[in-house]
Protein chains: 2
Amino acid sequence: MMYYTVGEMAKRLGVAPSTLRYYDQEGLLPFVERSEGGIRVFKESDYEWLGVIGCLKKTGMQLRDIKTFIEMAMQGDQTIEPRLALIIKQKESVKAQIAELEETLRTLEFKEWYYNTAKENGTTSVPRNMTLDELPEEFREVRLRLRGN
Amino acid sequence: MMYYTVGEMAKRLGVAPSTLRYYDQEGLLPFVERSEGGIRVFKESDYEWLGVIGCLKKTGMQLRDIKTFIEMAMQGDQTIEPRLALIIKQKESVKAQIAELEETLRTLEFKEWYYNTAKENGTTSVPRNMTLDELPEEFREVRLRLRGN
DNA sequence: ATACACCTTAAAGTCAACTTGAAGTCAAGA
DNA sequence: TCTTGACTTCAAGTTGACTTTAAGGTGTAT
């Protein structure tokens with residue numbers, strides 16, 4: 001079995017040791033054990049827990065809610081259903097975030113076209129004053145949205 | 001021409017009036033004019049600026065950088081190129097964010113399968129102790145990543 | 001046994017982006 | 001004219017997630 005100190009595990013995860021200590025303090029790492037002298041001893045299986053925490057963090061979940069999930073997991077098999085429900089909820093949240101970023105991407109692509117056209121003409125007034133049917137079809141709805149229609 | 005107070009514009013945008021005042025204070029709204037008595041007067045065209053600010057915010061850009069963009073825009077046509085460069089940079093950033101969220105989504109889908117399997121069997125030890133070739137092909141790389149391989 | 005790197009805790013500090021509160025001003029309707 | 005609701009500024013407070021600092025303990029290598 002391989003064991004790690006907080007510094008080693010932090011390095012492996014690419015985070016600061018203080019971050020792991022902070023997570024522990026906040027109750028997110030109840031699974032981490034201690035040596036005789038009080039030093040944290042991370043096991044190989046703890047890496048997986050930290051990976052799950054990292055995954056949930058990437059979904060935008062707050063530490064207090066991640067803590068709830070970890071606490072459920074510590075209860076054992078009786079909490080399988082609420083854990084499943086939470087995962088499904090986060091999955092839907094991530095899908096919504098992707099959809100929103102894709103809309104943002106379309107807006108940026110419009111702006112890219114806008115400034116490219118401005119650059120070619122030496123002035124933003126050319127793309128700005130174009131009529132709807134003069135601009136590429138894929139950007140029409142974007143401009144309508146930006147202008148409040 | 002239609003004009004709006006800070007409260008009306010905030011409502012239209014779905015933000016708090018204090019947010020718009022804060023943005024103004026931070027120099028993000030140099031285009032907003034004032035009445036004789038010192039009250040902010042938002043024009044129709046300001047809605048579009050606020051939409052651009054909102055778009056950049058959704059990319060994760062900080063207010064100080066959005067301010068830089070707005071300041072460039074206020075300089076006029078001589079800043080078309082740096083504005084285009086900034087838009088392209090944000091576009092790439094958003095693409096990377098989408099890719100990361102998609103990876104997170106795959107992890108959540110693995111976890112959904114994991115807890116569904118646990119639920120069917122009454123214990124997480126069933127999915128946990130499965131060998132790699134027992135689990136659905138699409139989840140193999142996810143589990144390898146979570147376990148640190 | 002001593003040095004040294006790395007560990008410990010507790011408390012305070014930081015940062016971005018707001019939000020709230022206090023005290024006062026503006027403008028539209030009765 | 002007066003009331004009323006929304007506006008103004010400035011300063012201080014809030015939130016979440018860390019990071020830093022200080023004072024001290026651990027553990028391994030020589």
Side-chain angles (χ1 to χ4, degrees), chain A residues 1-43 46 49-70 90 93 97 104, chain B residues 1-43 46 49-50 52-70 90 93 97 100 104:
Chain A
M1 296 298 160
M2 196 59 190
Y3 297 111
Y4 304 86
T5 65
V6 68
E8 289 162 351
M9 186 55 97
K11 193 165 192 180
R12 191 170 167 196
L13 291 164
V15 304
S18 61
T19 304
L20 293 183
R21 292 196 191 100
Y22 171 69
Y23 286 1
D24 194 11
Q25 182 182 301
E26 294 300 297
L28 273 78
L29 314 182
F31 43 82
V32 174
E33 292 173 13
R34 300 288 184 126
S35 75
E36 283 281 303
I39 287 182
R40 289 178 189 83
V41 178
F42 288 77
K43 301 177 296 299
D46 296 343
W49 281 116
L50 289 164
V52 171
I53 290 172
C55 171
L56 292 176
K57 253 181 66 63
K58 282 182 185 171
T59 71
M61 189 180 262
Q62 294 186 187
L63 295 188
R64 82 161 66 89
D65 298 321
I66 297 175
K67 179 183 176 183
T68 302
F69 180 82
I70 297 288
Q90 285 317 106
S93 163
Q97 289 175 55
T104 300
Chain B
M1 297 299 162
M2 195 58 190
Y3 296 112
Y4 303 86
T5 65
V6 69
E8 289 161 350
M9 186 55 97
K11 193 165 192 179
R12 190 170 168 197
L13 291 165
V15 304
S18 61
T19 303
L20 292 184
R21 292 195 191 101
Y22 171 68
Y23 285 1
D24 194 12
Q25 182 182 302
E26 294 299 300
L28 273 78
L29 315 182
F31 44 82
V32 174
E33 292 173 11
R34 300 287 185 125
S35 74
E36 283 280 306
I39 287 182
R40 289 177 189 82
V41 178
F42 289 77
K43 299 177 296 298
D46 295 344
W49 280 116
L50 289 164
V52 171
I53 290 172
C55 171
L56 292 176
K57 252 181 68 63
K58 282 182 185 171
T59 71
M61 189 180 262
Q62 293 185 185
L63 295 188
R64 82 162 68 90
D65 297 322
I66 296 176
K67 180 183 174 183
T68 303
F69 180 82
I70 296 289
Q90 285 317 107
S93 162
Q97 290 176 53
E100 183 163 24
T104 300

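Every chain is numbered from 1 and lettered A, B, ... according to where its sequence line falls, protein lines coming before strand lines. It should be emphasised that the depicted structure is a prediction, and the values quoted were computed from it without experimental measurement. No hydrogens, no waters, no symmetry mates; every other heavy atom, side chains included, goes into these values.
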Between CZ on residue Phe42(B) and CZ on residue Arg12(B), distance to nearest 0.5 Å:
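One finds 11.5 Å between CZ of Phe42(B) and CZ of Arg12(B).
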
Just verifying a value: how many Å separate Tyr23(A) OH and Leu50(A) CG, rounded to the nearest 0.5 Å?
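Result: 9.0 Å between the selected atoms.
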
Is [Y] close to [X] at the side-chain level, that is, under 4.5 Å between some pair of heavy atoms?
X        : Y        : answer
Trp49(B) : Ile70(B) : yes
Val32(B) : Leu20(B) : no
Asp46(B) : Leu29(B) : no

For the residue pair Gln97(A) and Ser93(A), confirm or rule out a side-chain donor-acceptor distance under 3.5 Å.
yes

Using a cut-off of less than 4.0 Å, is there contact between a side-chain N or O of Thr19(B) and OP1 or OP2 of dT19(C)?
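Answer yes for this pair, as a side-chain N or O of Thr19(B) is under 4.0 Å from OP1 or OP2.
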
Summary of salt bridge (charged side-chain N to carboxylate O under 4.0 Å, His left out) pairs that have at least one residue in residues 20-31 of chain B, sequence neighbours excluded
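Found Asp24(B)-Arg34(B), Asp24(B)-Arg40(B).
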
Got a donor-acceptor contact below 3.5 angstrom from the Lys57(B) side chain to the Ile66(B) backbone?
no

Pairs under 3.5 Å (N/O, protein and nucleotides 4-10 of chain C):
from: dC7(C); atom 1: OP1; to: Thr5(A); atom 2: OG1; distance (Å): 2.8
from: dC7(C); atom 1: OP1; to: Gly7(A); atom 2: N; distance (Å): 2.8
from: dT8(C); atom 1: OP1; to: Arg40(A); atom 2: N; distance (Å): 3.0
from: dT8(C); atom 1: OP1; to: Arg40(A); atom 2: NH1; distance (Å): 2.7
from: dT8(C); atom 1: OP2; to: Arg21(A); atom 2: NE; distance (Å): 2.6
from: dT8(C); atom 1: OP2; to: Arg21(A); atom 2: NH2; distance (Å): 3.3
from: dT8(C); atom 1: OP2; to: Arg40(A); atom 2: NH1; distance (Å): 3.0
from: dT8(C); atom 1: O3'; to: Arg34(A); atom 2: NH1; distance (Å): 3.4
from: dT9(C); atom 1: OP1; to: Arg34(A); atom 2: NH1; distance (Å): 3.1
from: dT9(C); atom 1: OP1; to: Arg34(A); atom 2: NH2; distance (Å): 3.0
from: dT9(C); atom 1: OP2; to: Arg40(A); atom 2: NH1; distance (Å): 3.3
from: dT9(C); atom 1: OP2; to: Arg40(A); atom 2: NH2; distance (Å): 2.8

If you look at every strand shown and take non-hydrogen atoms under 4.0 Å, does Gln62(A) touch a base, only sugar-phosphate, or nothing?
sugar-phosphate

Opening and closing nucleotides of DNA chain D in contact with chain A, under 4.0 Å to non-hydrogen atoms:
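Contact boundaries, 5' end first: dG16(D) to dG27(D).
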
